[in-house]
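Data block below; observations after.
Basis for what follows: all heavy atoms, side chains included, without hydrogens, waters or symmetry-related copies.
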Amino acid sequence: KSCQKPVDKYIEYDPVIILINAVLCKAQAYRHILFNTKINIHGKLCIFCLLCEAYLRWLQLQDSSQNTDPDDLIRYAKEWDFYRMFGIASLEQTSFLVGIFIILWWLRPEMLKTKSDFILLLKALLLSSYGKLLLIPAVIWEHDYTPLCLAFIKVFVLISNSQAIRVTLNLNRMLPWLAIFFGLILENGVVCLFQKMGWDV
């Protein structure tokens, strides 16, 4: 009321500009998307991102075991490896999120007092993982730099997750990165466990 201006400048902006600023990981754009819009696609986005990741892993499995038998079409109708990769990707994502929640709850319990605080942070983390959608173009336009592209996508997703934590809980830059680091440790622990069990991850 005192300045006669909107507190959130993005209310007046076109959605394309908001999206561009979100891709540039601007905290104010994240704040607008999380608090001043009614986006309710976090669950669907999470499933789609997991499908993209499962597809990428499944494709790498197919490359390592090429079978050119023409009678092998039925095998593609019952492709259980894809579902296994989806399950592994889901467990890794879950362990990553659990790691983040554990460290944040341990270091700042006052930030996550209620169930709604947990749900808001979970929605923010799921929405900020939208960068995983870039896995599909990286696979479609496969070239010599694909591993480098996948590494850049991973870094982009982690930066987006950091901004989402920072904006949701109103923290400094250090604590979100600490939480993400702990989440990555837990996720890699799950990967090592699967590899010890003899599963392709």
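Within the 4.5 Å cutoff, the side chain of Phe35 has heavy atoms near those of the Val167 side chain. Side-chain contact between Leu158 and Phe96: present, with at least one pair of heavy atoms (C-beta onward) separated by less than 4.5 Å. Counting heavy atoms from C-beta outward, Ile88 and Val191 have side chains that stay 4.5 Å or more apart. Within the 4.5 Å cutoff, side-chain heavy atoms of Leu127 are placed close to those of Leu45. Between Leu178 and Leu107 there is a side-chain heavy-atom pair separated by less than 4.5 Å. Side chains of Asn21 and His32 form no contact here, defined as non-hydrogen atoms less than 4.5 Å apart.
Nearest heavy-atom pair across Ala179 and Ile100 is O-CG1, 3.5 Å. Here the closest non-hydrogen pair linking Ala22 and Ile33 is CB-CD1, 3.8 Å. Here the closest non-hydrogen pair linking Phe182 and Gly99 is CD2-O, 3.1 Å. For the residue pair Phe86 and Ile47, the shortest heavy atom distance occurs at CE1-O, 4.1 Å. Here the shortest heavy-atom pairing between Ser129 and Gln93 reads OG-NE2, 4.2 Å. Residues Leu112 and Phe118 come closest through the heavy atom pair O-CE1, 3.4 Å.
Annotation: Phe48 is not in aromatic contact with Tyr55 [ring centroid separation under 6.0 Å not met].
Side-chain atoms of Arg166 and Gln163 include a donor-acceptor pair closer than 3.5 Å.
Screening Ile159, Leu184, Leu135 for a side-chain contact (heavy atoms from CB on, under 4.5 Å) involving Lys154 leaves a single residue, Leu184.
The existence of a salt bridge linking Glu92 and Lys132 is excluded, since no basic side-chain nitrogen approaches an acidic carboxylate oxygen closer than 4.0 Å.
The closest donor-acceptor contact from the side chain of Asp117 to the backbone of Thr114 lies under 3.5 Å.
By the criterion of side-chain heavy atoms lying less than 4.5 angstrom apart, applied directly or through intervening Ile, Leu, Val, Met, Phe, Trp or Tyr residues, Met111 is grouped together with Ile102 in one hydrophobic cluster. Ile18 and Val23 fall within the same hydrophobic cluster, defined by Ile, Leu, Val, Met, Phe, Trp and Tyr side-chain heavy atoms under 4.5 Å apart, directly or through other members. Cluster annotation: Ile165 is not connected to Leu120 through the hydrophobic network of ILVMFWY side chains, with a link wherever side-chain heavy atoms come within less than 4.5 Å.
Annotation: the span from Lys123 atom NZ to Ile41 atom CD1 amounts to 12.0 Å, rounded to 0.5 Å.
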Problem - From CA spacing to verdict: side-chain contact (heavy atoms from CB on, under 4.5 Å), Leu122, Phe101 - result: CA-CA 9 Å; Leu122 180 63; Phe101 280 110; 3.9 Å; yes
Problem - Test side-chain contact (heavy atoms from CB on, under 4.5 Å) applied to Thr168 and Tyr30, step by step - result: CA-CA 9 Å; Thr168 307; Tyr30 275 80; over 6 Å; no
Exercise for the section: Any chance you could lay out the side-chain contact (heavy atoms from CB on, under 4.5 Å) test for Arg108 and Leu175, step after step, and finish with the verdict? Expected result: CA-CA 9 Å; Arg108 294 285 177 91; Leu175 193 56; 3.5 Å; yes
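Trp105 CH2: 12 or fewer foreign heavy atoms inside a 6.0 Å radius.
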